[in-house]
Q: 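Sending over a structure as structure tokens; questions will come in a sec.
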Amino acid sequence: MSEQTIHEKHSTLENILEQRKEKIKKIREMGINPFPYTFDVTHKSQDIKDKFDALEEKTVSVAGRLMAIRRMGKASFAHLQDTEGRIQLYISKNDIGEDSYAMFKLLDIGDIIGIKGIVMKTRTGETTVKASSLTLLTKTIRPLPIVKEKEGIVYDAFADKELRYRKRYLDLIVNPDVKEVFIKKAKITQATREFFSSHGYLEVETPILQPLYGGANARPFTTHHNSLDMDLYLRIADELYLKRLIVGGFDKVYEFSRNFRNEGMDKIHNPEFTAIEFYEAYVDYFYMMDFVEEYFRTIAKTMGNSTIEYQGETIDFSKPFARKPMVELFSEHLGIDISTYTEDDFAVLCKQKKFEFNPKWNYGQFLDKLFDEYIEPKLIQPTFVIDYPKAISPLAKVKRDGDERFVERFELYICGSEYVNAFSELNDPLDQRERLEKQDRLRVQGDEEAQAFDEDFIQAIETGMPPTGGVGIGFDRLIMLFTGQTSIKDVLFFPAMRSEKLS
RNA sequence: GGGUGUGUAGCUCAGCCUGGUAGAGCAGCGGCCUUUUAAGCCGUUGGUCGAAGGUUCGAAUCCUUCCACACUCACCA
């Protein structure tokens, strides 16, 4: 590279990269390794601000990324960003020496440095580390988006959603609120583990690559194992495997299950998402309702408040959650008693309401579709909807009162969205075989979402599964709820996107 | 899949309606500056205007198609 090219002033991205590579070269020529191995950090930015009185005039070491540089000749101010926040640096030629200051002049916003210095306040009152030495920790090549802020107003915010999702690392560096969401998510994950652990649950892992997909109704992703020469499916649910573990004698198991469903994407659907599924022997869905209620209350407490604001609603987790049979909700919200309805009655109702329907729907499908349309959006405060139609619940036990149309199943609704799905699990192997055979017939007839027949699962149930309560919680949606986010993309570090063309 | 909108410099945006060959701020580059903080001041570079066609003497601007993203509806536990 000639001197001529080095001092090229063009600020195309290409030239910016070249200039920065040239700076690395110059730094090396100064006898400095721009990529050293360690740095001894004694304090985080926030510690220093919090404990200023104790630390004033004391020496500290901080490390992080340069996020602003204000050069004033022989001295400069800068802002250093570490995991906890930002702190101002004061760097003067007198203090760090001529050589270091010359190196500092080659630094850019985004570079990672370590500073050893004395804690002080500037005359405007900002806590500042006055550098006594500066160590370059990582020289960067690629420029960062420059976001500025004054008196709480953000200028030139890095707000392009596409870029933010594609280059999440930039988003995290530049938008501190984003980091907060994921820190909260980690706290909820941890609180969840503690909750299950304290209730005697064992965390387990089951196959993500499955020879048959089941446990839910959805289209799967298909893949192929070369040496076995067999097609495999990415799991749509882990339910059937967790039940095998209950059969095997584990009484309480749970799994954070990354599930994959080959379906549409929107604000609440990502092709891969996380569910918490858990199963407990010798309990039913009534027990599980109490348990789920306690879980939500625990998470709310972890997040600091028993009430939260979400999508303009105030949700109160401290009050007992409502528990209402599906049929009852039709009376409550539509003023219609459907307890004796037949398919034909539903068809008439749909016509009256100008609600599009398929005349082939069975009782359960009518109920389900009408529920989604008319009832679901009205369930704002936490509400357990109980007793679902058997036809749409092939893995749940029929109601103990003998009404064969319904199963012991509940879903938890908050703010018009579903968060939890649970059953008194079906453990009658004859009934289970029959119902999965029915699902398989539907699948063969072209219902891509019907469940495949899993003989080994049936054999497990035949081996004897104790009475069991089972629950699935939509974990991403739960995170959205407790972090105030309205898009699943904002609670996933790397949401699914079409691949971009990289130059 | 339908509808609406967006796409211009590394980043944030203006210009588009009403066609005349691209503009600002930040960042960069060259200077000045030892308590600044959206630092300031002087100077300066930087663009296949998402892509491809078309209309036109002339297209960032008008038209068509395509691509990506967002919002929304539909589908989907």
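So that the names make sense, note that chain A is the first sequence line, chain B the second, and so on, each numbered from 1.
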Q: Assign A:Lys267 to base, sugar-phosphate, or nothing according to its heavy-atom contacts below 4.0 angstrom with the strands shown.
A: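 Sugar-phosphate, no base atom in range.
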Q: Rounding to an integer number of angstrom, what distance separates B:U56 and B:C71 when you compare their C1' atoms?
A: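 One C1' to the other, the span is 35 Å.
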Q: Who is the Watson-Crick or G-U wobble partner of B:G23, with both distances under 3.5 Å?
A: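 The base-pairing partner of B:G23, which may sit in any strand shown, is B:C13.
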Q: Could you check how far CE of A:Met72 sits from P of B:C33, rounded to whole Å?
A: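 These atoms are roughly 12 Å apart.
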Q: Check A:Glu239 with A:Lys243, please: is the shortest side-chain N to carboxylate O separation under 4.0 Å?
A: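 Result for this pair is yes, salt bridge flagged.
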Q: Answer yes or no: does a side-chain N or O of A:Arg219 lie under 4.0 Å from OP1 or OP2 of B:C76?
A: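 Indeed not, no polar side-chain atom of A:Arg219 lies that close.
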Q: Nearest whole Å is fine: how far is B:C67 C1' from A:Met497 CE?
A: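 The distance from CE of A:Met497 to C1' of B:C67 comes to 13 Å, rounded to the nearest Å.
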Q: Rounding to the closest angstrom, what is the interatomic distance between B:G19 and B:A38 at atom P?
A: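 Roughly 43 Å separates the two P atoms.
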Q: Let me spell it out: for each of A:Ser92 and A:Ser393, pick the nucleotide of RNA chain B with the closest heavy atom. Which residue's pick is nearer the 5' end?
A: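 That would be A:Ser92.
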Q: Just to confirm, is there a sub-4.0 Å distance from OP1 or OP2 of B:A38 to any side-chain nitrogen or oxygen of A:Lys148?
A: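 No, because none of the side-chain N or O atoms of A:Lys148 sits under 4.0 Å from OP1 or OP2 of B:A38.
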Q: Give the nucleotide from the list B:U36, B:C29, B:A70 with an atom nearest to the side chain of A:Lys489.
A: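 Ranking B:U36, B:C29, B:A70 by closest atom to the A:Lys489 side chain puts B:A70 first.
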Q: When the distance from CE of A:Met67 to P of B:A38 is rounded to whole Å, what number comes out?
A: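 In whole Å, B:A38 P lies 16 Å from A:Met67 CE.
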Q: Determine whether any donor atom in the side chain of A:Tyr90 lies under 3.5 Å from an acceptor atom in the base of B:U36, or the reverse, and answer yes or no.
A: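 Checked by distance alone, the answer is no.
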Q: For nucleotides 7-14 of chain B, print each protein N/O atom paired with a nucleotide N/O atom at under 3.5 Å, atom names and distance only.
A:
{"unit_1": "B:G10", "atom_1": "OP1", "unit_2": "A:Leu13", "atom_2": "N", "d": "3.4"}

Q: Is any NZ, NE, NH1 or NH2 atom of the basic residue among A:Lys369 and A:Asp372 found under 4.0 Å from an Asp or Glu carboxylate oxygen of the other?
A: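 A salt bridge is absent here (no side-chain N lies under 4.0 Å from a carboxylate O).
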Q: Judged by modelled atom types alone, do A:Arg477 and A:Ser417 share a side-chain donor-acceptor pair under 3.5 Å?
A: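 No donor-acceptor contact under 3.5 Å links the two side chains.
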Q: Can you sort out which residues in residues 235-243 of chain A have a heavy atom within less than 4.0 Å of RNA chain B? Ascending by number, please.
A: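 By residue number: none to list.
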Q: Quote, to the nearest angstrom, the C1' distance that separates B:A27 from B:U45.
A: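 So the two C1' atoms sit 12 Å from each other.
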Q: At under 4.0 Å between heavy atoms, what does A:Lys74 touch on the DNA or RNA strands: base, sugar-phosphate, or nothing?
A: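 Touches a base.
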Q: What side-chain hydrogen bond (donor to acceptor under 3.5 Å, both in side chains) pairs are there with at least one residue in residues 147-161 of chain A, not counting sequence neighbours?
A: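 Residue pairs passing side-chain hydrogen bond (donor to acceptor under 3.5 Å, both in side chains), neighbours aside: none found.
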Q: More than 12 non-hydrogen atoms from neighbouring residues, nucleotides or ligands closer than 6.0 Å to NZ on A:Lys23, yes or no?
A: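 Yes.
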Q: If you check the A:Met120 side chain, which of B:U34, B:C76, B:U35 turns out closest?
A: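 Output: B:U35.
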